[in-house]
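Have a look at the structure below before the remarks.
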Amino acid sequence: MALAAKEGVPPVAAGRPRRRRRRSLGLTRRDKVVATLLVGVPLLLDLAFIWFPAIASVFLSFTKWTGVGGIHLTSCKPPALPGLPEPGCLNGVQNYNQAFTNYPDFWPAVRHNILWLIVFMVIATPLGMLFAVILDRGIRGSRIYQSILFLPVMLSLALIGIIWELIYSPNYGLINTVIGHNTNANLIDWLGNPKLNLWAVLVEATWRQAGYVMVLYLAGLKAFDPALREAAVIDGANSWQLFWRVTFPVMRPINIVILVVTVIESLRAFDLVYITGKGNPVKGLELLSVLVTQNIVGETQRIGFGSTLGVVLLVISLVPISIFLYQTFRREQR
Amino acid sequence: MTTLTQAAEHAAPARAAGRPPVRLGRIAMHVFMLAAAVLWLAPIVFALYVSLRPEAETNRLGYVSIAHKLTLENFTNAWSQSQMWRFFLNSVWITLPAVIITLVLASAVAFVVSRLNFRFNVALLILFTAGNLLPQQVIITPLYRIYLKIPVPHLLSSSGLLYDSRFGLIVINVSFQLGFCVFVLSNYMRTIPPDIDEAALVDGATLWLRYWRIVLPLCRPALAALATLLTTWIYNDFFWAITLMSTGNKRPITSALQNLQGQFVSNQNMIAAAALMAAIPTLVVYVLLQKQFIAGLSLGSSKG
């Protein structure tokens, strides 16, 4: 009653048409309109700017288009006058064929993406989990350690790239100076040498990813029922057994989230590489996301081909996304 | 019960005998974490150190040398020569509205999905959540074309299009972050007992009132956490700004750093100073709202 008085809404008995007084949610027509708007506007945004482009990407991946002129729904023929811009055409699976066989950067990019994923899963994520487990013990200074380790997550990836360029600088940088390789005769070009630069960038990415995983895992650990842990300790479990036999299995939902986050972050890798190359392609740092951008942004736009690469990225991403959705919403249905 | 007491008796002497190893374990942990903290902080401290030194000196002596002179000139020069204030302003123009709009829209969807029983609730949630997990490069191609096509009144966009306008960046950031926020908020709203707003329903409150006056204020912790997360993510965004904004002047600060790299090409000290200045707002958010930030991440990762 107090609510009604506060909102100035007349009490129910005063003749509101069609107001059902059941316990369950009865909706007036006005409510239905409001509900439609509440869901409709965000849904429209999401569909228009996320899902429509995603699906359009798939369609575009089968075309050949420079962006000039429309797309004619005819199959592509070799250009009459090479060099002249042609309107868009349907290329079938030719783009995919070209990506897999002809495009020199493609397989290196796939290899690098896989390597990125492996380093994340074997080094960055376990490191983050280790930090979380130790911090959960409540050693002195936990708050400070947590703040420091998490700090890189707050920084823009562009900024991280710039900071590490100072460290990797061939002539003046921290590493080369300390190990004595900073004269022009014996330079180590960490960011330029195709054999080294991916690893150099992976160090930067790990520096950031570990803190991110640490916080996620720590949140899960804090929600972990201490009674379970005490019971295991009383039963004689030592720390090692405690973690692997009790903590880790119970953390399964969090583990899945972290796994998915790891995979998705590794597929998203873009900013670091882009800023290291200052917008230009760098040999040794090819990544699928960078290749897509190269084909789309800039003077020569190969929109069809760029979309093809984007679709490859999409298909690969759908695997962790599906796992995550299945895991999350299956429990929903229960 | 007897097993428990027996076990407790066993455990007590075991613990007493095992004291030294436990101590050693704790020392090892301390050493490890200390080493990690130093390693983690080192790059930032190093960048700060370089930015405080004049370029002439580091060109002579390299970055790893004792400073003869510490100066703030890199910061002041970076600020004045590159008109950083303009980029900061752009960032504010984009980030603030985007955060607010995202939270309003996401909470609206979360409210309907958690309170009303539509057939499509789960499907909606899946749609939104999956949308947020896609890599940005997957949608950029058609998005770029869409942005070139949709006309926008000049009041909102100086270019007349979604492309190359701050409004356009707000729109894409909102759309992109909606998924995560819907996910987190719907989980959170589910923990609010339905009795609270159903009591209002009996009192004759409309759906809108239930959302705006009752449920939304109860979500304040989640909203605060999400606000800090969103501010950081949108402020730090790089990809949308460089692909959907061509005029350098209108770029937000993070992507403008790329302009600066071109402008001060070899003066790494100044670039470092500019980059550190650009990080200040996120650092302020971090220091003030660290608890909310971490709460936000854990809300997203755990279920309810």
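What you are looking at is a predicted structure, and each value in this text was computed from that prediction instead of being measured. Lettering of chains follows the sequences in order, A, B, ..., and the numbering in each one begins at 1.
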What part of [X] gets within 4.5 angstrom of chain A, counting heavy atoms only: side chain, backbone, both, or neither?
X      : value
B/L127 : both
B/Y235 : neither
B/A278 : neither
B/L134 : both
B/L178 : side chain
B/V50  : side chain

Are side-chain heavy atoms of [X] and [Y] found at a separation under 4.5 Å?
X      : Y      : result
A/F49  : B/Y147 : yes
A/F131 : B/F32  : yes
A/L157 : B/T254 : no
A/F52  : B/L143 : no

What option among [options] has the most heavy-atom pairs under 4.5 Å with chain A?
options                       : value
B/I146, B/I172, B/V138, B/L34 : B/V138
B/V171, B/V285, B/V174        : B/V171
B/I242, B/V113, B/I140        : B/I242

Option that, when pairs with chain B are counted at under 4.5 Å, heavy atom only, ranks first among A/G310, A/P42, A/P320, A/G40
A/P42
Of all of A/L309, A/V34, A/D46, which one pairs up most often with chain B through heavy atoms under 4.5 Å apart?
A/D46
Looking only at heavy atoms, what is the nearest atom pair of [X] and [Y], with distance?
X      : Y      : result
A/T293 : B/F239 : OG1-CE1, 3.7 Å
A/L151 : B/I44  : CD2-CD1, 3.6 Å
B/P43  : A/W164 : CG-CZ2, 3.6 Å
A/L313 : B/Q137 : CD2-CB, 4.0 Å
A/L60  : B/P142 : CD1-CG, 4.1 Å
A/I50  : B/I139 : O-CG2, 3.5 Å

Could you look at [X] and say if it's the side chain, the backbone, both or neither that has a heavy atom under 4.5 Å from chain B?
X      : answer
A/E204 : neither
A/S147 : both
A/I139 : both
A/L47  : side chain
A/A210 : side chain
A/L288 : neither

Specify whether B/F238 and A/F270 have parallel, tilted or perpendicular ring planes, treating 30° as the upper limit for parallel and 60° as the lower limit for perpendicular.
tilted
